[in-house]
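Encoded as structure tokens, the structure appears first; notes follow it.
Everything numeric here is computed off the predicted structure, so don't read it as measured data.
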Amino acid sequence: MNWCLVFFLIHHVMTCNINGESHCQLSSSVSGEDAKHCMEDVYTNLTNGDFQDSVKAMENLEDVLEMTKVVNTTSIYSGNLVALLNKPNSSTSLTIHANNSEAKLDTVPNSKVIVQLPSVLGAGPNNTLVFCMVTVPKTNLTLLEAAGSIYEGRLVGLSETQEPMCVFLNFSTKNYSSDGCQTLWRRGQTHITCSCDHLTYFGVLMVNSSPSPSDQKILSYITLIGCSLSLFGLSITVLLFISHKKFRADVSMKVHISLVFALILLNVHFLPSEMVAALSSTSLCVYMALALHYSLLATFSWMALEGFHLYLLLVRVFNIYIRRYLLKLSVVGWGVPAVIVSLVVIIDRTAYGYTPVDSSNPNGTAICYVTNTTAMMVTTMGMIGLVFLFNVIMLGVTVRRFISLRQGQETNRSSTKKDIFTLLGISTLLGITWGVGFFSVTTAGQYVFCILNSLQGFFIFLWFAMSLRKGQKSAAEVSNATQSTTEPKNRK
């Protein structure tokens, strides 16, 4: 009758360290060559060491083998130790054959041990089956005496090492998927970190919707590219404003640059929001949420003030002087959002923090934003609703003004094109595209909203660049006209 000692373990492996010059050193990744060196150390202990040292060496070998990274079936041999590491491709049954020099899934000559694993074991491709057979050398009398009734002094170990895997629930397929997720874990750790690239898209600032995972991924990339371009364009716009004295002296340009600063704050706090939400720092997430909400409200405020400034220029026209005009605009533009955010904090101190992008999937992608749904709807949708209504009226007044100015004049393609670009620039400054948010409950609406509003800052940069070019062209025409009128006098 054959006797064997079989270890069947399903567990998380504990980390161990071996002092001295042993090759059985554990790390986050152990190769097959490392495992072989460790087996050589165990063989040395079995040949020359005492019972306690040999048991400790075999225990460490077990940990090393379970830590060894393999892609397919790998057989390792050293002395009178053989091991087989296997990543099952399916849940079918397996049969392991081993002799004193090798272990395989096929038959081997002079087989000493045959191990059959049933399909009900359910070992999947994320787990590793570890088989090891140790034969106590006949020269080590101490171990042979300790082994006692173990047949032929042969020990057989078998374990299944389970590895965790980060997944997300795909609502379209109703299945869990690991696409886009990376599992950051090594054996011995007490926690698992999931790093997924399911990014946040711009529409979450206004509405909660549930696009399909594929659409959400595309919207996220659109948002990332659009916001990055906007941040770059807005930074160039600030440099243009600082470097051109004519811009700094223009009151309208000063209003525009305030909107630029608000959009810079919005993009700077929105882009890293998901990354901050993935961290364990609650206070940092609360700050990010509060700053993101404030910068969004400041953007709305300055878009409304753009409409008010346009009203003074086109409707009142005369007697529009307001003492300390820019200071008063700044108090409204930066102060009103601060008051709203303060009220939200006073009413609900937990209103800012970790917020899932999809309310129906609380364990999915999250950002640091307003956690109170009522506060978000009132402060964002309510405010943008008022701003959108006011600015649409101002845009209508502008269009009417353009039509009245063109009446009785001969229109051509150049003037029409110029008027269209002017109206598009004004629409960008007024934030008319944010009105798409009211219709972004559909997937098509989300695409339009993300494209237009993530690029708003870049559009404003183009507006500034065109205004600069227009100003330089006008200055050149005036200079040429002045030169042509002075030349006859100089000839006299």
(request) Please step through side-chain contact (heavy atoms from CB on, under 4.5 Å) for the pair F388 and M303, ending with a clear verdict. (result) CA-CA 9 Å; F388 177 72; M303 289 190 298; over 6 Å; no
(request) Find out whether Y311 and I393 are in side-chain contact, i.e. whether some heavy atom of one side chain is under 4.5 Å from a heavy atom of the other. (result) no
(message) Taking T350's backbone N and O only, do any of them form a donor-acceptor pair with T371's side chain (distance below 3.5 Å, no angle check)?
(response) yes
(request) Find the distance between CD1 (I257) and CD1 (I460) and round it off to the nearest 0.5 Å. (result) 9.5 Å
(message) Quick one, T299 and L259 - any side-chain contact, counting heavy atoms below 4.5 Å?
(response) yes
(message) With rounding to the nearest 0.5 angstrom, report the OG to CG distance, S220 to L224.
(response) 8.5 Å
(message) Are F449 and W434 packed together at the side-chain level, in the sense that at least one heavy-atom pair is separated by less than 4.5 angstrom?
(response) yes
Ignoring hydrogens and angles, write down the donor-acceptor pairs under 3.5 Å from the side chains of residues 282-294, residues two or more places apart or on other chains.
residue: Y287; atom: OH; partner: H269; partner atom: NE2; Å: 3.3
residue: H293; atom: ND1; partner: Y352; partner atom: OH; Å: 2.7
residue: H293; atom: NE2; partner: T379; partner atom: OG1; Å: 3.0
residue: Y294; atom: OH; partner: W334; partner atom: O; Å: 2.9

(message) When you compare the side chain of E274 with that of I367, does any pair of heavy atoms fall below 4.5 Å?
(response) yes
(request) Could you point out which residue of V339, V345, I340, V341 forms a side-chain contact (heavy atoms from CB on, under 4.5 Å) with L343? (result) V339
(request) Walk me through it: do L312 and Y325 pass the test side-chain contact (heavy atoms from CB on, under 4.5 Å)? (result) CA-CA 12 Å; L312 294 181; Y325 176 62; 3.6 Å; yes
(request) Identify the two heavy atoms, one from R248 and one from K254, that lie closest to each other, and give their separation to 0.1 Å. (result) O-CE, 2.6 Å
(request) Taking all heavy atoms of L231 and all of S235, pick out the closest pair and write down the distance. (result) O-OG, 2.8 Å
(message) Is the distance between the ring centroids of W302 and F261 under 6.0 Å?
(response) no
(request) Please tell me if the side chains of L386 and F390 come closer than 4.5 Å, counting only heavy atoms from C-beta onward. (result) no
(request) Please lay out, stage by stage, how N372 and V344 fare under the test side-chain contact (heavy atoms from CB on, under 4.5 Å). (result) CA-CA 9 Å; N372 189 309; V344 171; 5.9 Å; no
(message) Rounded at 0.5 Å granularity, tell me how far CG in L263 sits from CG in N453.
(response) 10.0 Å
(request) For G457 and S230, work out which heavy atoms get closest and say how close. (result) N-OG, 3.3 Å
(request) Would you please test W463 and L429 for side-chain contact (heavy atoms from CB on, under 4.5 Å) and show each step? (result) CA-CA 9 Å; W463 166 266; L429 294 171; 3.7 Å; yes
(message) I need the C38 SG to E62 CD distance, nearest 0.5 Å.
(response) 11.5 Å
(message) Would you say the ring centers of F461 and F458 fall short of 6.0 Å from each other?
(response) yes
(request) List the atom of F247, the atom of L240, and the distance in Å for their closest heavy-atom pair. (result) CD1-O, 3.9 Å
(message) Tell me if a side-chain donor or acceptor on K246 pairs with a main-chain N or O of L468 at a distance below 3.5 Å.
(response) no
(request) For the residue pair T223 and F270, establish whether any side-chain heavy-atom pair is separated by less than 4.5 Å. (result) yes
(message) For P272 versus N267, what's the shortest heavy-atom pair and its separation?
(response) CD-O, 4.4 Å
(request) For R400, look at atom CZ and say whether over 12 heavy atoms of other residues, nucleotides or ligands are found less than 6.0 Å away. (result) no
(message) Using only atom types and a distance under 3.5 Å, with no angle test, would you say the side chain of T355 pairs donor to acceptor with the backbone of G353?
(response) yes
(request) Tell me, please, which residues at least two apart from Y447 pass ring-ring contact (aromatic ring centres under 6.0 Å, His included). (result) none
(request) With the side chain counted from C-beta on, respond yes when N391 and E306 share a heavy-atom pair under 4.5 Å apart, and no when they do not. (result) no
(request) State, to 0.1 Å, how close F300 and T380 come at their nearest heavy-atom pair, and which atoms those are. (result) CE1-O, 3.9 Å
(request) Could you tell me the separation between the CD1 atom of I384 and the CG atom of L297, rounded to the nearest 0.5 Å? (result) 10.0 Å
(request) Would you indicate whether the side-chain heavy atoms of V251 and H309 approach each other to under 4.5 Å? (result) yes
(message) Once rounded to the nearest 0.5 Å, what's the spacing between atom CD1 of I76 and atom CG of L65?
(response) 6.0 Å
(message) So if I apply the side-chain contact (heavy atoms from CB on, under 4.5 Å) rule between S295 and each of L265, V268, I264, which one comes out positive?
(response) L265
